Novice: 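Mind looking over this structure? Questions follow.
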Amino acid sequence: MEHKGRNGYIKPWQVGVLMIMSAVFAAAVVILVLLSGTTKYRIADTESEYDATLISRLASEIDNYYYFDEDLPGGSALIESAAHSLVDAVGDPYAAYYTVEEYSSFRNELNGNYKGIGVLVSATEGEGLLVNRSYDGNPAYEAGVRDGDHIVSVDGVSLIGLDVNAASDMLLGEDGSVAEITVVRDGITMNFSVTRGDVYVRRVYSNLLDDNVGYILIESFTGNAADEFDTELDALLESSITSLIIDVRNNPGGSLDVVVDICDRILPACTITTIEGKLVDPPDVYSSTDDEFLNIPYVVLTNGYSASASEIFASSIQDNEQGTILGTTTYGKGIVQTSWDIGGGMGYLKLTTDAYRTPSGSLIHGIGVTPDIVVEQAEELSGYDPYYLMRDFMEQDVQLRAAMEFLLVE
């Protein structure tokens, strides 16, 4: 989750702000020294002194004496591998070192921006790739590919019998190139020409349920999710809904600024969350305004895969007594990661730098947010993505039905 500083949102490219923070700067120095091969550094909590030329010396020895030298990766690849290993050794499961290229891919994935055809696929037994999602407004959808189609060949090459990775690779290609795709839909074979290009993945979906109950699914708090949420909420309000269900089940989190913006849309003036740690002293308090807020009853659906920004969202509503949390206890990720450019074109570092407290002051890392109303999902639907529950199993979704029943008696 990206971090917002006291003077605004800290983005990964705002190196100066981040690098002046002494604790974080120390971590960056380790990387910088490692890659430059100069001077020495001391790990603060040990008695050992490490010569930073070690990595350069090892790379040189390998280059000089490795027998299969024709298979040896370039020097930069060895150094990058060492940088990855250094960050992995920290023991932070969310920490990572990225090369410039890796970080660009990471940011594109985080923001939902890709080059491709815009489908989510899975393996089948002898029926090619199943299209789980053909994202509206993207190349495959515009060409005619729909959810539930089976892609059986690409450019005349059969996908039957290929593993999912090999088959998926067939869909990749240069921006602007055309993929000739053959699908089977309800026993009918169809051919589509799909031009590969920019793909944008939506994060927010809505539906109008019975009895004027609105439903909004937030799949992640990334990219344009705040704008998408505003659009979907406005449409539902114009439809005269009298109550609302907001679904963050299986939502892994996202960016702090996005979840704060969405909370600000539905909450009156109140505290959303407080961030404390290496980058903030004193702690940063994030609050909503009275500019807009939701004045109809609403329920937030959670489960054990609702994490990070989803937990900020749920706890801000719960602690401020603005809505009802229903479902099961959330994941319990109450920490914040920050990523930044370490300089010199050498890449980026992502590290856990802070933790957040709920409006009541609780730390929920490793604990989670306990719903106001605990409702277990039906066993046969446990683990299902809420998008598919919304699309195919709304009547069988025990948690959704419980939320509707609760709102109808409010």
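All values below were derived from every heavy atom in this structure, side-chain atoms included, with hydrogens, water molecules and symmetry-related copies excluded. All figures in this text were calculated on a predicted structure; none of them were measured in a lab. Residue numbers run from 1 in the order of the sequence given.
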Novice: With distance as the sole test, does Asn224 use its side chain to make a donor-acceptor pair with the main-chain N or O of Asp227 at under 3.5 Å?
Specialist: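 Not at all, since once roles are kept as given, no pair shorter than 3.5 Å links the two residues.
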Novice: Check the pair Ser316, Cys263 against side-chain contact (heavy atoms from CB on, under 4.5 Å), reporting the backbone distance first and the verdict last.
Specialist: CA-CA 8 Å; Ser316 67; Cys263 287; 3.4 Å; yes
Novice: Any chance you could lay out the side-chain hydrogen bond (donor to acceptor under 3.5 Å, both in side chains) test for Thr99 and Glu80, step after step, and finish with the verdict?
Specialist: CA-CA 7 Å; Thr99 65; Glu80 288 165 3; 5.3 Å; no
Novice: So, Asn251 and Ser306: side-chain donor and acceptor under 3.5 Å apart, yes or no?
Specialist: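 There is no such pair between these side chains.
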Novice: Flag this pair as yes if the NZ/CZ of Arg146 is under 6.0 angstrom from the six-membered ring centre of Tyr141 and inside a 45 degree cone about the axis; otherwise no.
Specialist: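 Yes - Arg146 lies over the ring of Tyr141, closer than 6.0 Å to its centre and within 45° of its axis.
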Novice: Excluding sequence neighbours, so at least two apart, what forms ring pair (Phe, Tyr, Trp, His ring centres under 6.0 Å) with Tyr215?
Specialist: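 Counting only residues at least two positions away or on another chain, Tyr215 forms no ring pair (Phe, Tyr, Trp, His ring centres under 6.0 Å).
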Novice: Check step by step if side-chain hydrogen bond (donor to acceptor under 3.5 Å, both in side chains) holds for Ser382 and Gln377.
Specialist: CA-CA 6 Å; Ser382 179; Gln377 181 60 284; over 6 Å; no
Novice: Please round to the nearest 0.5 Å and tell me the distance separating atom OG of Ser206 and atom CD1 of Ile216.
Specialist: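 Going from the OG atom of Ser206 to the CD1 atom of Ile216 covers 6.0 Å.
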Novice: Test salt bridge (charged side-chain N to carboxylate O under 4.0 Å, His left out) on Arg249 and Glu219; report intermediate values, then the result.
Specialist: CA-CA 8 Å; Arg249 292 175 297 179; Glu219 292 196 310; over 6 Å; no
Novice: Given the rule in the side-chain contact (heavy atoms from CB on, under 4.5 Å) test, do Leu363 and Tyr356 qualify, once you have shown the distances and angles that lead to the verdict?
Specialist: CA-CA 7 Å; Leu363 291 169; Tyr356 67 80; over 6 Å; no
Novice: With no hydrogens and no angle check, is any side-chain donor or acceptor of Asn138 less than 3.5 Å from a backbone partner on Ala140?
Specialist: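 Not confirmed, Asn138 side chain does not pair with Ala140 backbone.
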Novice: Check residues 386-396 and write down every donor-acceptor pair under 3.5 Å in which the side-chain atom is one partner and the other belongs to a residue at least two apart or another chain.
Specialist:
residue: Arg391; atom: NH1; partner: Asn132; partner atom: O; Å: 3.3
residue: Arg391; atom: NH1; partner: Asp147; partner atom: OD2; Å: 2.8

Novice: Has Ser362 got a side-chain atom pairing as donor or acceptor with Ile364's backbone, closer than 3.5 angstrom?
Specialist: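 Not a single qualifying donor-acceptor pair exists.
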Novice: Rounded to the nearest 0.5 Å, how far does CG of Leu78 lie from CG of Leu58?
Specialist: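 If I round to the nearest 0.5 Å, the distance is 9.5 Å.
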Novice: Look only at the side chain of Asp211 and the backbone of Val213, and say whether a donor-acceptor pair between them is shorter than 3.5 Å.
Specialist: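 No; zero donor-acceptor contacts below 3.5 Å.
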Novice: For the backbone of Gly327 and the side chain of Gln399, can you confirm whether one donor and one acceptor N or O come within less than 3.5 Å of each other?
Specialist: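 Not at all, since once roles are kept as given, no pair shorter than 3.5 Å links the two residues.
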Novice: So which heavy atom on Ala403 is nearest to which on Leu301, and how close?
Specialist: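 Nearest pair, atom of Ala403 first, then Leu301: CB-CD2, 3.9 Å.
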Novice: Could I get the full list of side-chain contact (heavy atoms from CB on, under 4.5 Å) partners for Leu237, not counting sequence neighbours?
Specialist: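 side-chain contact (heavy atoms from CB on, under 4.5 Å) list for Leu237, sorted by chain: Leu233, Ile241, Arg265, Leu294, Ile296.
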Novice: Return the set of residues passing ring pair (Phe, Tyr, Trp, His ring centres under 6.0 Å) with His365 (not counting sequence neighbours), or none when no residue passes.
Specialist: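 His365 satisfies ring pair (Phe, Tyr, Trp, His ring centres under 6.0 Å) with no other residue.
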Novice: Considering only heavy atoms from C-beta outward, does the side chain of Ile317 approach that of Asn320 to under 4.5 Å?
Specialist: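 Of all side-chain heavy-atom pairs linking Asn320 with Ile317, none is under 4.5 Å.
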Novice: Please determine if Arg196 and Glu174 form a salt bridge, counting it only when a charged side-chain N lies under 4.0 Å from a carboxylate O.
Specialist: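 No.
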Novice: Is it true that, when you exclude Asp186 itself, more than 12 heavy atoms of the residues, nucleotides or ligands shown sit nearer than 6.0 Å to its CG?
Specialist: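 Count not over threshold, so no.
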Novice: Apply side-chain contact (heavy atoms from CB on, under 4.5 Å) to Leu236 and Asp234, showing your working.
Specialist: CA-CA 5 Å; Leu236 288 173; Asp234 287 341; over 6 Å; no
Novice: Asp155 side chain to Glu180 main-chain N or O, any donor-acceptor pair under 3.5 Å?
Specialist: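 Flag set: sc Asp155 to bb Glu180 pair under 3.5 Å.
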Novice: Are the aromatic rings of Tyr331 and Tyr305 close, with centres under 6.0 Å apart?
Specialist: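 Ring centroids of Tyr331 and Tyr305 are no less than 6.0 Å from each other.
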Novice: Heavy atoms, side chains only, cut-off 4.5 Å: are Leu129 and Ser168 in contact?
Specialist: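 Answer yes - side chains close enough.
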Novice: Is Leu256 close to Val258 at the side-chain level, that is, under 4.5 Å between some pair of heavy atoms?
Specialist: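 No, side chains not in contact.
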Novice: Apply side-chain hydrogen bond (donor to acceptor under 3.5 Å, both in side chains) to residues Thr328 and Asn303 and explain how you reach the verdict.
Specialist: CA-CA 5 Å; Thr328 55; Asn303 65 9; 5.6 Å; no
Novice: Would you check if Ile272 and Val260 make a side-chain contact, meaning some heavy-atom pair closer than 4.5 Å?
Specialist: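 In contact.
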Novice: Decide yes or no on salt bridge (charged side-chain N to carboxylate O under 4.0 Å, His left out) for Glu311 and Lys333, but give the supporting numbers first.
Specialist: CA-CA 8 Å; Glu311 295 171 292; Lys333 181 180 181 289; over 6 Å; no
Novice: Take Asp149 and Val119, measure what side-chain contact (heavy atoms from CB on, under 4.5 Å) needs, and give me the verdict at the end.
Specialist: CA-CA 11 Å; Asp149 287 351; Val119 292; over 6 Å; no
Novice: Report yes if some heavy atom in the side chain of Val336 is under 4.5 Å from a heavy atom in the side chain of Thr352; otherwise report no.
Specialist: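 No; the side chains remain at least 4.5 Å from each other.
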Novice: Please list all pairs meeting side-chain hydrogen bond (donor to acceptor under 3.5 Å, both in side chains) that have one or both residues in residues 236-246, counting only residues at least two apart or in different chains.
Specialist: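 The answer is none; no pair qualifies.
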Novice: Going through the distances and angles, do Thr338 and Thr353 end up as a side-chain hydrogen bond (donor to acceptor under 3.5 Å, both in side chains)?
Specialist: CA-CA 6 Å; Thr338 306; Thr353 54; 2.8 Å; yes
Novice: Find the distance between OG (Ser134) and CD1 (Ile117) and round it off to the nearest 0.5 Å.
Specialist: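 Output value for this atom pair is 7.5 Å.
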Novice: Stepwise, does the ring pair (Phe, Tyr, Trp, His ring centres under 6.0 Å) test hold for Phe221 with Phe313?
Specialist: CA-CA 10 Å; Phe221 292 95; Phe313 183 74; 5.7 Å; yes
Novice: Can the ring centroids of Tyr103 and Tyr98 be said to lie less than 6.0 angstrom from one another?
Specialist: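 Yes: the rings meet the under 6.0 Å criterion.
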Novice: Just how far is it from atom CD1 of Ile312 to atom OG1 of Thr330, taken to the nearest 0.5 Å?
Specialist: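 With rounding to 0.5 Å, CD1 (Ile312) is 11.0 Å from OG1 (Thr330).
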Novice: Just how far is it from atom CZ of Phe293 to atom CG of Asp264, taken to the nearest 0.5 Å?
Specialist: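 Between atom CZ of Phe293 and atom CG of Asp264 there are 11.5 Å.
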Novice: With a 4.5 Å heavy-atom cut-off, do Ile218 and Phe229 have their side chains touching?
Specialist: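 Sidechains of Phe229 and Ile218: in contact.
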Novice: Counting C-beta onward and ignoring hydrogens, is there a side-chain heavy-atom pair between Gln318 and Asp372 closer than 4.5 Å?
Specialist: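 Side chain of Gln318 against side chain of Asp372, heavy atoms only: contact under 4.5 Å found.
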Novice: Could you tell me whether a side-chain N or O of Thr273 sits under 3.5 Å from a main-chain N or O of Arg357, the two making a donor and an acceptor?
Specialist: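 Checked: pair present.
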Novice: Any side-chain to backbone donor/acceptor pair from Arg133 onto Tyr135? Under 3.5 Å, distance only.
Specialist: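 Pair absent, no side-chain N/O of Arg133 close to backbone of Tyr135.
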Novice: Would you say Ser177's side chain and Gly173's backbone share a donor-acceptor pair under 3.5 angstrom?
Specialist: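 Not confirmed, Ser177 side chain does not pair with Gly173 backbone.
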Novice: Looking at OG of Ser153 and CG of Leu162, how far apart are the two atoms once the value is rounded to the nearest 0.5 Å?
Specialist: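 Interatomic distance, Ser153 OG to Leu162 CG, rounded to 0.5 Å: 11.0 Å.
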Novice: Taking only residues two or more places apart in sequence, or in another chain, which ones meet Thr195 in a side-chain contact (heavy atoms from CB on, under 4.5 Å)?
Specialist: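 For Thr195, the residues satisfying side-chain contact (heavy atoms from CB on, under 4.5 Å) (neighbours in sequence not counted) are Val178.
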Novice: So for atom CD, which belongs to Glu61, do other residues, nucleotides or ligands contribute more than 12 heavy atoms lying within a distance under 6.0 Å?
Specialist: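 Counting neighbours around CD of Glu61, more than 12 heavy atoms of other residues, nucleotides or ligands fall under 6.0 Å, so yes.
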Novice: Could you tell me if the side chain of Val248 sits less than 4.5 Å from the side chain of Val300, heavy atoms only?
Specialist: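 Result yes, sub-4.5 Å side-chain heavy-atom pair found.
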Novice: Under 3.5 Å, is there a donor-acceptor pair between the side chain of Asp92 and the main chain of Tyr94?
Specialist: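 Yes, because the side chain of Asp92 sits within donor-acceptor range (under 3.5 Å) of the backbone of Tyr94.
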